[in-house]
Amino acid sequence: MSGELSPIDKAKFVAAKRSVDYVEDGMRVGLGTGSTAAWMVRCLGELVRDDGLKIKGVPTSTRTAELAREVGIEVISLDEAKWLDLTIDGADEFDANLNLIKGGGGALLQEKIVATASDQMVVIADVGKEVETLGAFPLPIEVIPFGWETTKSLVEEMLISMDVLGRDATLRMNGDRPFVTDEGNYILDLHLGRIGKANQLAMVLNQMPGVVENGLFIDICDVVIVGYGDGRVETRDINEGTVEEDRLDFLESENLFTDLQD
């Protein structure tokens, strides 16, 4: 291994490493998308290769599917799985009630479908993702391409009556073209600053024609595993009302994950 991982990458790694303790032989597991989730997929791959773990993974994006196959995880579709034992995914923000903003990687629609089709959702994140109130991270919403500018105007107008600080919406780009999701849709990023009533906003957004889904994950997450750059890990279980702290030994010489970047 060349070089040394940054504290934030160490935090992502230890959270991911701890999360795979939730995975048991024979499980059907939802595999999240994003930089932290990619560490988790690699950790699961090690267990499959070295310990003979047998699982079936349902990826939330094409890039997660490619990585899962690369590390030896059997990949199936959600239609094949029908229901999942567990989903492990990252988050762009989470609050004290384990409500989330997701979609920074553009896979929010598939991520929400997979998470809600699971007995349990475990979120892995570095400590920098914790916020007092959701909204500092732009809220992604997936919209159909047809009439997207009209949808954008309607969303901005609707936000006037919502408990938010900002109302600007921007089309996510990929170079000089709109970013396109795996489902062929566009992403609007809502720059809200603060979201006062996340439940209300999520419901109103999904009632708007043209909006397919929003990146607010409300009452979906069961456990958040928070990683720190010094190897500490904090596991918060919203259902049990417990908080557990631990420290993982981080041996960089044994780490195979240096190719994973944001």
Side-chain angles (χ1 to χ4, degrees), residues 5-6 8-23 27-48 53 55-78 81 84-94 98-118 120-130 137 140 142 181-182 187 213 215 217 220-228 233-236 248 255-262:
L5 291 180
S6 67
I8 191 170
D9 281 333
K10 289 180 181 179
K12 292 177 180 181
F13 170 72
V14 294
K17 188 74 171 176
R18 172 47 49 85
S19 74
V20 300
D21 290 344
Y22 284 80
V23 180
M27 276 189 168
R28 295 158 296 179
V29 182
L31 306 175
T33 294
S35 59
T36 312
W39 295 88
M40 174 271 299
V41 173
R42 287 294 180 97
C43 289
L44 280 178
E46 278 197 315
L47 293 176
V48 169
L53 178 71
I55 61 170
K56 295 182 179 181
V58 174
T60 54
S61 66
T62 54
R63 59 186 181 275
T64 295
E66 290 169 359
L67 178 59
R69 291 189 181 99
E70 178 186 317
V71 300
I73 297 172
E74 181 183 353
V75 171
I76 63 173
S77 70
L78 183 57
L84 305 177
D85 301 287
L86 172 69
T87 286
I88 306 176
D89 204 346
D92 298 303
E93 283 186 349
F94 69 92
L98 306 195
N99 294 319
L100 321 168
I101 285 181
K102 290 180 52 55
L108 66 97
L109 176 58
Q110 293 188 19
E111 287 173 337
K112 189 174 281 190
I113 292 171
V114 168
T116 54
S118 304
Q120 186 176 40
M121 183 189 190
V122 174
V123 163
I124 48 179
D126 62 88
V127 68
K129 302 295 174 57
E130 183 173 9
F137 189 91
E142 186 158 339
T181 71
D182 281 354
I187 296 282
E213 189 52 82
F217 283 53
I220 295 175
C221 175
D222 299 287
V223 175
V224 165
I225 300 175
V226 185
Y228 295 79
V233 179
E234 188 176 271
T235 302
R236 307 178 192 177
L248 297 184
N255 167 35
L256 302 176
F257 311 105
T258 53
D259 57 329
L260 292 174
Q261 302 294 331
D262 283 332

(request) Measure the spacing between CD of Q120 and CE of M27 and express it to the nearest 0.5 Å. (result) 7.5 Å
(message) Quick check against the 3.5 Å criterion: does D85 have a side-chain atom that pairs as donor or acceptor with the backbone of V29?
(response) no
(message) Let's go through K112 and E142 carefully: what are the C-alpha distance in whole Å and the side-chain angles of both, what is the deciding distance for salt bridge (Lys or Arg N to Asp or Glu O under 4.0 Å) to 0.1 Å, and is it a yes or a no?
(response) CA-CA 12 Å; K112 189 174 281 190; E142 186 158 339; over 6 Å; no
(message) Quick one, I124 and W39 - any side-chain contact, counting heavy atoms below 4.5 Å?
(response) no
(message) Whether the side chain of D126 engages the backbone of G227 through a donor-acceptor N/O pair (distance < 3.5 Å, no angle test) should be reported.
(response) no
(request) To the nearest 0.5 Å, tell me how far T60 OG1 sits from I113 CD1. (result) 10.5 Å
(message) Nearest 0.5 angstrom please: I73 CD1 to I55 CD1, how far?
(response) 5.0 Å
(request) Begin with the C-alpha distance, continue with both residues' side-chain angles, and end with the deciding distance and a verdict on side chain to side chain contact (heavy atoms under 4.5 Å, CB included) for V58 and L84. (result) CA-CA 8 Å; V58 174; L84 305 177; 3.6 Å; yes
(message) One pair to check against side chain to side chain contact (heavy atoms under 4.5 Å, CB included): L248 and F13. What are the steps and the verdict?
(response) CA-CA 10 Å; L248 297 184; F13 170 72; over 6 Å; no
(message) So does T62 get a backbone contact from the side chain of D182, meaning a donor-acceptor N/O pair under 3.5 Å?
(response) yes
(request) Output the distance between atom CZ (R63) and atom OG1 (T33), rounded to the nearest 0.5 Å. (result) 5.5 Å
(request) Give a yes or no on whether the backbone of G104 and the side-chain of D92 come within a donor-acceptor separation of less than 3.5 Å. (result) yes
(message) With a 3.5 Å distance limit and no angle check, can you tell me whether T64 reaches the backbone of P59 through a side-chain donor-acceptor pair?
(response) no
(request) Look at R42 together with E70 and state whether they make a salt bridge at an N to O cut-off of under 4.0 Å. (result) yes
(request) Could you tell me whether K17 and E46 make a salt bridge, using a distance below 4.0 angstrom between a side-chain N and a carboxylate O? (result) yes
(message) When you compare the side chain of M121 with that of L100, does any pair of heavy atoms fall below 4.5 Å?
(response) yes
(request) Any chance you could lay out the side chain to side chain contact (heavy atoms under 4.5 Å, CB included) test for E130 and E234, step after step, and finish with the verdict? (result) CA-CA 12 Å; E130 183 173 9; E234 188 176 271; 5.5 Å; no
(message) The criterion is side chain to side chain contact (heavy atoms under 4.5 Å, CB included); which residues satisfy it with P140, sequence neighbours excluded?
(response) I101, L108, R172, I187, D189
(request) Check whether any side-chain heavy atom of V226 sits under 4.5 Å from a side-chain heavy atom of F94, and report yes or no. (result) yes
(message) Minimum heavy-atom separation for A37 and D89, please, with both atom names.
(response) CB-OD1, 4.1 Å
(message) Would you say that V114 contacts L31 through its side chain, given a criterion of any heavy-atom pair below 4.5 Å between the two side chains?
(response) no
(request) Work out which heavy atom in A81 is nearest to a heavy atom in I76; give both atom names and the distance. (result) CB-CD1, 3.6 Å
(request) Answer yes or no: is there a side-chain heavy-atom contact under 4.5 Å between T235 and Y22? (result) yes
(request) Output the distance between atom OG (S19) and atom CG (L44), rounded to the nearest 0.5 Å. (result) 7.0 Å
(message) What I'd like to find out is whether the side chain of I220 reaches to under 4.5 Å of the side chain of T116, using heavy atoms alone.
(response) yes
(message) Rounded at 0.5 Å granularity, tell me how far NZ in K129 sits from NZ in K102.
(response) 9.5 Å
(request) Under the side-chain hydrogen bond (donor to acceptor under 3.5 Å, both in side chains) rule, collect the residues that match up with S118, sequence neighbours excluded. (result) T87
